[in-house]
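In what follows, chains are A, B, ... by sequence order, proteins preceding strands, each numbered from 1.
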Number of protein chains: 2
Amino acid sequence: MRKQAATRQSDVLDVLNQHDKPMTAYAILDQMKVGEPGLAAPTIYRTLAALTEQGRAHKLESINAFVPCRCAHETSVPVLAICEECLAVEEHDGAQLLPQLTALSQKSAFEPTRHIVEIHGRCQTCAT
Amino acid sequence: MRKQAATRQSDVLDVLNQHDKPMTAYAILDQMKVGEPGLAAPTIYRTLAALTEQGRAHKLESINAFVPCRCAHETSVPVLAICEECLAVEEHDGAQLLPQLTALSQKSAFEPTRHIVEIHGRCQTCAT
DNA sequence: AGAATTTATTTTATAATATAACAAATTTGG
DNA sequence: CCAAATTTGTTATATTATAAAATAAATTCT
Ligand SMILES: [Zn+2]
Ligand SMILES: [Zn+2]
Ligand SMILES: [Zn+2]
Ligand SMILES: [Zn+2]
């Protein structure tokens with residue numbers, strides 16, 4: 001059996017939204033295999049690629065995990081703060097960073113297509 | 001036979017410096033195995049962990065590769081611009097970004113320990 | 001110095017992450 | 001409809017990273 005990409009995407013997004021921590025592709029896969037045992041990794045990776053391209057989810061590059069976008073910052077810079085203790089992720093809009101990032105790129109006539117900003121540390125709850 | 005960590009570290013840094021593109025851990029391993037066939041992945045990963053902790057090398061989190069630090073910005077924010085076409089990496093010091101990044105963290109009383117800033121795009125040479 | 005203990009490094013094996021290549025179903029344009 | 005193009009599913013494999021066991025060096029103690 002086969003599902004449309006759009007359906008897959010909202011299914012995966014649902015799974016992401018049902019968890020309050022970032023999920024790896026394989027964690028998502030395991031979750032979805034409960035109801036759909038035949039499912040395999042490439043389906044998940046393809047769906048995640050679509051979701052991140054659309055800005056509906058983000059990949060945390062530094063921990064190889066994914067979160068749903070909760071920010072609606074299509075045109076801007078997502079800033080993802082990751083608690084190293086509890087793995088909670090806080091999402092901010094980094095529009096304010098753009099001028100400075102652009103200035104850095106211009107130093108060497110680099111043409112940016114995507115900015116990655118992640119902050120590791122401790123969330124309020126975990127900071128003693 | 002066995003080598004001191006410090007020696008391993010400068011060996012690995014030498015390999016990184018001899019290439020003008022970022023290298024994966026396994027690319028470094030292959031290179032070093034030429035002269036030292038017994039070498040295995042954990043040695044490389046341990047050495048890279050030490051080098052990145054010391055700020056003598058950086059991991060490009062978005063492409064799982066490493067470059068030697070050419071910036072001497074121990075206390076600041078490394079900004080790594082990666083050309084998606086030729087993989088050249090330009091390193092900048094992002095000290096100017098710190099106030100804004102700090103402001104974002106403070107919004108939710110997040111205590112940052114490490115900032116990750118990467119820019120994907122095209123370098124001057126590859127931008128037509 | 002020489003044995004006992006600790007620590008650091010290497011090796012082996014395996015886990016986790018990601019993609020290539022192929023097969024099957026669906027859609028599109030005639 | 002039918003053929004061609006596209007999208008989705010499946011199988012197999014490549015890449016990245018780490019756990020656990022084995023070994024070697026260094027340290028401590030007698
Ligand atoms: Zn977002
Ligand atoms: Zn936390
Ligand atoms: Zn640097
Ligand atoms: Zn380039």
Atom-to-atom span, CG of B:Leu39 to P of C:dT11 - whole angstrom: 7 Å
N-O pairing of B:Glu118 and B:Lys59 below 4.0 Å: no
Reported CD1-to-CG distance for the pair A:Ile28 and A:Leu39, which is rounded to 0.5 angstrom: 11.0 Å
Interatomic distance where CG belongs to A:Leu48 and C1' belongs to D:dT8 [whole Å]: 15 Å
A:Gln4 vs C:dT27: side-chain N/O to OP1/OP2 distance below 4.0 Å: yes
DNA chain D contacts among residues 20-30 of chain B, heavy-atom distance under 4.0 Å: B:Thr24, B:Tyr26
Non-hydrogen side-chain atoms of B:Leu97 and A:Leu104 separated by less than 4.5 Å: yes
Distance, rounded to the nearest Å, where B:Ile44 contributes CD1 and C:dT9 contributes C1': 13 Å
A:Arg8/A:Glu36 ion pair, N-O < 4.0 Å: yes
Value in whole Å for how far the C1' atom of D:dA17 lies from CG of B:Leu60: 17 Å
From B:Gln96 atom CD to A:Leu101 atom CG, the distance as rounded to the nearest 0.5 Å: 9.0 Å
Phosphate-side-chain proximity, B:Arg8 and C:dA8, N/O vs OP1/OP2 below 4.0 Å: no
For atom CD1 of A:Ile63 and atom P of C:dA18, their distance in whole Å: 11 Å
Short side-chain N/O contact from B:Asn64 to OP1 or OP2 of C:dT17, under 4.0 Å: no
Side chain proximity check, A:His120 to B:Ile116, heavy atoms < 4.5 angstrom: yes
I'd like a table of atom pairs between the protein and nucleotides 19-22 of chain D - only N or O on both sides, under 3.5 Å - with the distance next to each one.
none

Under-4.0 Å side-chain N/O to phosphate OP1/OP2 contact, B:Lys59 with D:dA17: yes
Donor/acceptor link under 3.5 angstrom from A:Arg46 side chain onto base of D:dG9: yes
Minimum side-chain heavy-atom gap A:Pro68-A:His58 below 4.5 Å: no
Distance-only side-chain donor-acceptor flag, A:Thr47 / A:Gln9, under 3.5 Å: no
Test: B:Glu111 and A:Arg122 ion pair at under 4.0 Å: no
Phosphate contact (C:dT19 OP1 or OP2) by A:Tyr45 side-chain N/O below 4.0 Å: no
